[in-house]
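Order of appearance sets the numbers: ligands from 1, and atoms from 1 within every ligand.
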Amino acid sequence: MSVAALRHDWTRDEVAALFALPFNELLHRAHSTHRANHDPNAVQVSTLLSIKTGGCPEDCAYCPQAARYSTGVKAEKLMSVDAVVARAQAAKSAGASRFCMGAAWRSPKDRDVAQVAEIVSAVKALGLETCATLGMLSGSQAQTLKQAGLDFYNHNLDTAPEFYGEIIHTREYQDRLDTLEHVREVGLKTCCGGIVGMGETRAQRAGLLQTLATLPEHPQSVPINQLVQVEGTPLHGTEALDPFEFVRTIAVARILMPASMVRLSAGRQQMDDAVQALCFFAGANSIFYGEKLLTTGNPDVEHDRALFRRLDLHALEVVEEAGTVHADIMETEASGCGQGCGCSAAA
Ligand code: SAM
Ligand code: DTB
Ligand code: SF4
């Protein structure tokens, strides 16, 4: 699909009407859009690492890293370049093509950005795509990261503008839009999505997706997180979302932003394999891979390898100017006994 064919004028009513389609009708439309724009059997694989954990001054009601909630997350300082590179190398060996580094900051200080820039350059030198999520950024901080070789910046809108005030009180929706603008202006690719299952209404889920799809550019990567409920956070105990409603959210994201990568993001460990399969059919084509997200669990690597085999999925190869990054979570040293059972026994 040509960029000219992308729409940036979706209305709330149109998005609500997509959510309201009969489930099979919605999935048919989403899958048709998906096939017209992407290899339906390819999934982009990213590994996450928390490079600076906990102790965050913000009050995001979902987040185990906010200092004000008792969640058992221990605050740690920024990791060293060598320690991050070792983890990135392991992620690459396991088949990840992108390495995403998260820090529990409201907004980094310039000296923090300088240190992260060193980390980014070293990870990039391994031949991985790089992504960072460090909180609010100024234009010059975004520029420093771009120059260091950063490919993507993750900064989520999290939810619809009208529900935002019930989730976060320590910064505004507009602050998020401003950071996204700084990131786009220096030519970084944006990774921007949100969380569902926080007690929002369907209209508010539609509001999140409509806001994402009417940004000046569709984010190149759209993570759709299902709330991971962590004891001690205000959202712990929120009524769980119907899994089919989660699938609908993925499907609508795919229809609104046809060329973007839609990531089936946090929440996979709590999700049935069959629901994940429906998400891939509905247009999800990216995952986080590796036992941990930032502070919470993710499906183990063997489970994901087995899931890819069962669904005949393969990891997306990333073609960069510098050459092709061969990403295949099936073709790594630890790919198991070769019988397709997903076990970790040697061949
Ligand atoms: N501190 C930075 C910020 O907030 O932009 C970067 C890290 S923050 C953990 C990145 C994103 O993780 C949040 O915007 C949110 O969308 C997601 N997230 C955090 N806790 C989550 C949870 N319990 N369940 C699902 N997603 C979560
Ligand atoms: C995104 O949208 N989800 C990721 C990543 N971007 C940084 C984070 C999920 C965090 C889940 C809770 C945790 O592990 O702390
Ligand atoms: Fe801090 Fe980010 Fe967690 Fe909010 S989501 S509390 S800003 S680490």
Report task. From atom 11 (C) of ligand 1, work out which of Thr133, Asn156, Val196 has a heavy atom at the shortest distance. Result -> Asn156
Report summary line: Min over Met101, Arg171, His236 of heavy-atom distance to atom 3 (C) of ligand 1 lands on Arg171
Requested in this report: Considering only non-hydrogen protein atoms, determine which one is nearest to atom 24 (N) of ligand 1 and report residue, atom name and distance to 0.1 Å.
Outcome: Val228 N, 3.0 Å
**Report entry** Side-chain donor-acceptor pair present, Glu58, Thr170, cut-off under 3.5 Å
**Finding:** yes
Requested in this report: Determine whether the side chain, the backbone, both or neither of Ser265 has a heavy atom under 4.0 Å from any heavy atom of ligand 1.
Outcome: neither
Query raised in the report: When you measure from atom 20 (N) of ligand 1 to every protein heavy atom, which one gives the shortest distance, and what is it?
Result: Tyr62 CD1, 3.3 Å
Requested in this report: Check ligand 3 against Cys60 and write out every atom of the ligand that is under 4.0 Å from a heavy-atom position of the residue.
Outcome: 4 (Fe), 5 (S), 6 (S), 7 (S)
**Report entry** Atoms of ligand 1 close to His155 [distance to a heavy atom under 4.0 angstrom, numbered from 1]
**Finding:** 5 (O)
Query raised in the report: Which residue owns the protein heavy atom closest to atom 6 (N) of ligand 2, what's the atom, and how far is it?
Result: Asn154 OD1, 3.4 Å
Query raised in the report: Quick one: which of Met136, Arg171, Gln65 has a heavy atom closest to atom 7 (S) of ligand 3?
Result: Arg171
Report summary line: min-distance protein heavy atom vs atom 27 (C) of ligand 1 -> Ile195 CD1, 3.7 Å
Report task. Number the atoms of ligand 1 from 1 as they appear, then name those within less than 4.0 Å of a heavy atom of Trp105, with their elements. Result -> 1 (N), 2 (C)
Query raised in the report: How far is atom 14 (O) of ligand 1 from its nearest protein heavy atom, and which residue and atom is that?
Result: Asp158 OD1, 3.2 Å
Report task. Would you mind running through ligand 1 and noting each atom that sits below 4.0 Å from a heavy atom of Leu294? Result -> 9 (C)
